[in-house]
Amino acid sequence: MPRILACAAYFLALPGVLLAPFTAAARIDRIDLYDKSDNRLMFVTFAYDASGNNTGRSVFMADSTFVRSTTFQNDVSGNRVRETSFNFNGDTAGYTTFTILNAKPAISVFDQFGLDQLGGPVSAGASGTNAFDVSQKGAVINRVQYQFDAGNNLTRINVLDAGGNLQYYAAVNAVNRAIVPMRLYSAKQPSLSMIGSRYCRIQLTVDKPSIVRLDAYAPAGRKVATLLSVTCGPGSSDVVADCAAARLPDGIYLFRASVDGVPAISHRQAIVGVRGGAR
Amino acid sequence: MKSRYRALVAGYCAFAACFGTIRAQQNATQIVPPSLVFELLALNGDLETAARPKYRSPAAMAASPDGKYLYVAEQTAKRIAVIDLTAKSVAREILMPNEPTGIAVTADGSKLYVTCSSQQWPAGILCEISASAGTVLRRIAVGHSARSPVINPAGTKVYVCNWLESTISEVDISAGKEAAKIPVVREPYEAVITRDGNYVVVGNSLPEEKATDTTTIAAKITFINTATRLPAKTISLPAGSHSLFGMCLSNDGNYAFATHLIGRTSIPATTLAGGWVHSNNLAIIDITNQKLANDVELDDATQGAANPWGVACTGDDKFLCIAHAGSNQMLIIDQVRLITKANAGVNLSHDFTSLAGIKKAVFIQGRAPRDIVTIGTTAYVAPYFSDAIYRYAVSLSTSLPIDSLVLGPAKPFTAEREGEFRFSDASLCYQKWQSCASCHPFTRPDALNWILNQAVNNAPKNVKSLLYCFQTPPENWLGRRANAFISVEYGVRLELMTEPSPDITVPLDTFLMKLKPVPSPFLVKGQFSDAAKRGKTLFYSTAKTDCAWCHKGSLFTDCDRHAAGVADPDEVNTVFDTPSLIEGWRTAPYNHLGSMTTLEEITRVPGHSTNVYRLTQAEMNDLLEYLKSL
């Protein structure tokens, strides 16, 4: 009996590694692009639909001057086939098409008249863990590296020249997603002997007053209980949910935390990977 | 059993950890894929591509007061190259947030003030840079398309030309912000400040009059009183003057020199020889009396000195050096004798003999020199389409450079870049009198009316912008050319009097068809103001206006010809091309005659529209705000 609850507790008990299945990367709302001397050049904001799907983005110069907005067109399989950009008057400013070139995804960028803007397709292929080579006309012209934090949140993208020297970088701004680092773990120290733990603890940082909620789900996907629903003020917060106080029966549970309704720590990926998508 | 279960759980956790990590990271790289980051930086001119190598384009220079360093604004590379003149090499490169357009150095040499703006991002920034550390200390917002910073003698203020906004920004250095914005005539491109700091002398690059005022239309010099922040005096250059792109002050402070062209528009443009289409001139401004001392033709009788740009005096005020971007040369003039001749009371604006014996033309090895600075009696010339600065010992016997200061390896020219160069290259022209850029500065209008070679039986026509010329056929006001390919060929053949070959026209075509508009200074952070939004509704309201009937589509033209109500008794044709409205804020004067200086005039003219005249003034203001924002 206690062993079963311990499974969930076990997931929650090893931050950093074993918590990863519960940690879906938070939504990217904005990236800021800088040169290597830290001159801020521009920023991009991302739009999402109610299901969390990225539906568009807008580009602004560093002083917030609007440049263009972009909408997406996917094929029936959900693969991106075209992006169309619009100027301040809502007129087409250009478009980007997506193809496969030498087994790598490639883009071609055109203005509104179909005039090629890059001088041919540009492809980007993986060259290592979170690293990509950007190539044009058969030669690597840039390298792009992604950096993630322990919670799998994208934090920075480096753009290097072909020789590996930093030229530009993008800082991923997570302010709007409300969660900067977030960790969910047991009140007790991580240990295999934690069987019988009744507490779940959430630490998080938010930039504005936010409602933090922790729900428990049965493996079949049915929500069993809301363990926590509190408002956290700006800054770091540390809240603890008591499973016993919520009258949660012993069993296997999966936990889902949200901040202002935005999933912050989700069980979805874990279940999908092992249980076949029960929820 | 218990241990087996634990092993199973641990296995699941390890798998799920990897799976979750990969999924989360994949999701992030799908939203911000490497191709997106690349595209953003490439379209902004930061990362080079096959289409757009990162050319340097040295556009402006300044020397440190001790003469040890030369600062070069590499415009399209978005950086300042600091050249150690002792080591003759680039000591440092300072990255800028946008394209550097002008440099000023403080009297003690400790700081640089660099204006930045670009076509993509014209909102001006004045960057304060530590000369020793090479770091940007402050970024101060100034006006649209900022350039040509000048520091007052007290070192307390910087004045900046907001070129396409037609204003001057006064920046308070201690406060680190713009203190005032002063309207001037039109498109101020260069400025100097008097030695006492009492006046900023501004060179307006384009005239503001109706093009039909052929005896008075001219670019102007504005004296701004720095105490009152008001224009104190405006001086007209000779009629037909335009493209004022270079200015300097003599070291004694008594004269300002301004380079410009004179379009001789009162006669058909059939004879290039003798400067009868364009002459290339230098205005000499008497600072003390705030008047035009004289205007001197720089050309020879049989050879033009096309497109004069940067100008500088040697430290001893003995010589004046002028960079000619079109004819690819530096002109060295005996400044003392020039001043003497200028004050003799004879108009020298179309006199080939005036500089005989007191000038020397020096061929420049690079392509299209735009700026020039002097340190003592040494001149440094920056060809815009090259990757080196050329150094000359200045005298009337100078013919070759002492050496060149290499900024970096040269990049091969794309067809677009070649076309951009060819557009300002007067070597295409018979006797180098003019280039395409002479009538179409930066591919936009010179604001003048011309009677062109194959239209001598027609009335004069106002120069059109070349923006979107390839996308809006037919060409010219009468639709005489079916498309821009033909127009470019005829332009080279008839206006430059050279038989066009594909190695010239193809790059020109490529360059012109890729032109992009400059965002309007009337936009607010790149978007419509509330008035412009209301104006947009009016523009498309068939009940209120019929603008979109002819100015339709994303380019605001039906590519057809109409009678727009502009009376033209000298013209047999009654219908004229519908111009695009994009960049209408910078293409005055309006209509085929250039007889109206404001958008309101052309909008209200009877016969232009069937119902716009019914708009209230408030509605009209909103409509105009929209038009000016395009």
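Protein chains get the first letters and strands the later ones, always in sequence-line order, with residue 1 at the start of each.
Heavy-atom pairs under 4.5 Å with chain B were tallied for A/F113, A/Y34, A/F72, A/F98; the largest tally goes to A/F113. Of the residues considered (B/Y626, B/F38, B/W121), B/W121 shows the highest number of contacts with chain A, using heavy-atom pairs under 4.5 Å. Contact tally against chain A (heavy-atom pairs below 4.5 Å) for B/P34, B/A123, B/P33, B/S554: the top residue is B/P34. If you tally non-hydrogen atom pairs under 4.5 Å between each of A/V159, A/N89, A/V134 and chain B, the highest count goes to A/N89. Top candidate by heavy-atom pairs under 4.5 Å with chain B, chosen from A/I107, A/I157, A/L118, is A/L118.
When heavy atoms are compared at a cutoff of 4.5 Å, A/Q117 approaches chain B by way of both its backbone and its side chain. Only the backbone of A/D116 comes within less than 4.5 Å of a heavy atom of chain B; no side-chain atom from C-beta onward does. Residue contact with chain A, scored on non-hydrogen atoms closer than 4.5 Å, is absent for B/I582. Contacts between A/R68 and chain B at a heavy-atom distance below 4.5 Å involve the side chain alone, from C-beta outward. Using a 4.5 Å cut-off between heavy atoms, A/Q145 does not touch chain B at all. At a 4.5 Å heavy-atom cutoff, B/K533 makes no contact with chain A through either its backbone or its side chain. Neither the backbone nor the side chain of B/T135 comes within contact range of chain A; no heavy atoms are under 4.5 Å apart. For chain A, the nearby part of B/V136 is the side chain; its heavy atoms alone come within less than 4.5 Å. Residue B/L36 touches chain A through its side chain alone, counting heavy-atom pairs closer than 4.5 Å. For B/M96, the part sitting under 4.5 Å from any heavy atom of chain A is the backbone (N, CA, C, O) and nothing else. If you measure heavy-atom distances from B/F470 to chain A, you find no contacts under 4.5 Å at all. With a threshold of 4.5 angstrom between heavy atoms, B/N98 does not approach chain A through any atom at all. With a 4.5 Å cut-off on non-hydrogen atoms, A/N130 touches chain B through its side chain but not through its backbone. Of the two parts of A/N142, only the side chain, counted from C-beta on, holds a non-hydrogen atom closer than 4.5 Å to a non-hydrogen atom of chain B.
Counting non-hydrogen atoms of neighbouring residues, nucleotides and ligands closer than 6.0 angstrom, the NZ atom of B/K177 reaches no more than 12 such neighbours.
Proximity to chain B at a heavy-atom threshold of 4.5 Å picks out A/R57, A/V59, A/M61, A/A62, A/D63, A/S64, A/T65, A/F66 from residues 57-67 of chain A, in numerical order.
Here the closest heavy-atom approach between residue A/D38 and residue B/R139 is recorded as O-NH2, 4.2 Å. Nearest heavy atoms, A/L41 versus B/P97: CD2-O, 3.6 Å. Listed here is the closest heavy atom pair of A/A124 and B/S35: CB-N, 4.5 Å.
Here A/F88 contributes atom CZ and B/L630 contributes atom CG; the two are 5.5 Å apart, rounded to the nearest 0.5 Å. With rounding to the nearest 0.5 Å, the separation of CG in A/N39 from SG in B/C127 is 7.0 Å. A distance of 6.5 Å separates CD in A/Q112 from CG in B/L555, rounded to the nearest 0.5 Å. We find the CG-CD distance between A/N54 and B/Q30 to be 10.0 Å, quoted to the nearest 0.5 Å. The distance from the NZ atom of B/K516 to the CG atom of A/N87 is 12.0 Å, given to the nearest 0.5 Å.
In this structure, the side chains of B/Q471 and A/L115 come closer than 4.5 Å at one or more pairs of heavy atoms.
Of the options B/V37, B/D46, B/N44, B/L40, a side chain to side chain contact (heavy atoms under 4.5 Å, CB included) to A/Y168 is made by B/D46 and by none of the others.
Of the charged side-chain nitrogens involved, none lies within less than 4.0 Å of a carboxylate oxygen, so that A/D35 and B/K78 do not count as a salt-bridged pair.
Side-chain contact, A/T96 with B/E39: a donor N or O sits under 3.5 Å from an acceptor N or O.
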**Message:** For a side chain to side chain contact (heavy atoms under 4.5 Å, CB included) check, start with the C-alpha distance between A/Y48 and B/I31, then their side-chain angles and the critical distance, and finish with the verdict.
**Reply:** CA-CA 10 Å; A/Y48 296 84; B/I31 292 172; 3.6 Å; yes
